Amino acid sequence: MWGPFEMVAAIVVVTTIGGLMTDWLKAKHGYPITDDEGNVIRQEKGTRGEAHEARIEALEKRLAVLERIATDRGIQTADQIEALRQLDRLDHEQRIRETSN
């Protein structure tokens, strides 16, 4: 059915398509395209990986700001709560004095 020429042609076509698909996937995901010896031929700029890295950096900055706000506001809030507790104690003590007099 298949002769030696057709088999060789099919192998060449399959390996060529496989190589092209590999390079396409590498470029799509931000990996450098290399030759057979490992030398970088080309690396795409503005790939999804770089976009994700930029987005992660922005989110880390926002998280740092939120942590700072939560920490700073937490101390102030705790101080305000403690001041209100002291006012409540003073108010309670004053009521006791008024009822005992």
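These values consider heavy atoms only, across backbone and side chains, with no hydrogens, waters or symmetry-generated copies. Worth saying up front: this structure is predicted, and the values here are computed from it rather than measured.
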Other ILVMFWY residues reachable from [X] by side-chain steps of under 4.5 Å:
| X | value |
| --- | --- |
| L63 | none |
| V14 | none |
| L59 | none |

Q86 side-chain N/O to A83 backbone N/O, donor-acceptor pair under 3.5 Å: no
Residues that D91 engages under side chain to side chain donor-acceptor pair (under 3.5 Å), provided they are two or more places apart: R95
Identify all side-chain donor-acceptor contacts of residues 15-25 below 3.5 Å with residues at least two apart in sequence or on another chain.
| unit_1 | atom_1 | unit_2 | atom_2 | d |
| --- | --- | --- | --- | --- |
| T15 | OG1 | I11 | O | 3.0 |
| T15 | OG1 | V12 | O | 3.0 |
| T16 | OG1 | V12 | O | 2.7 |
| T22 | OG1 | G18 | O | 2.8 |

CD-CZ distance between E67 and R62, expressed to the nearest 0.5 angstrom: 13.0 Å
Partners passing salt bridge (charged side-chain N to carboxylate O under 4.0 Å, His left out) against E93 (at least two apart in sequence or in another chain): R97
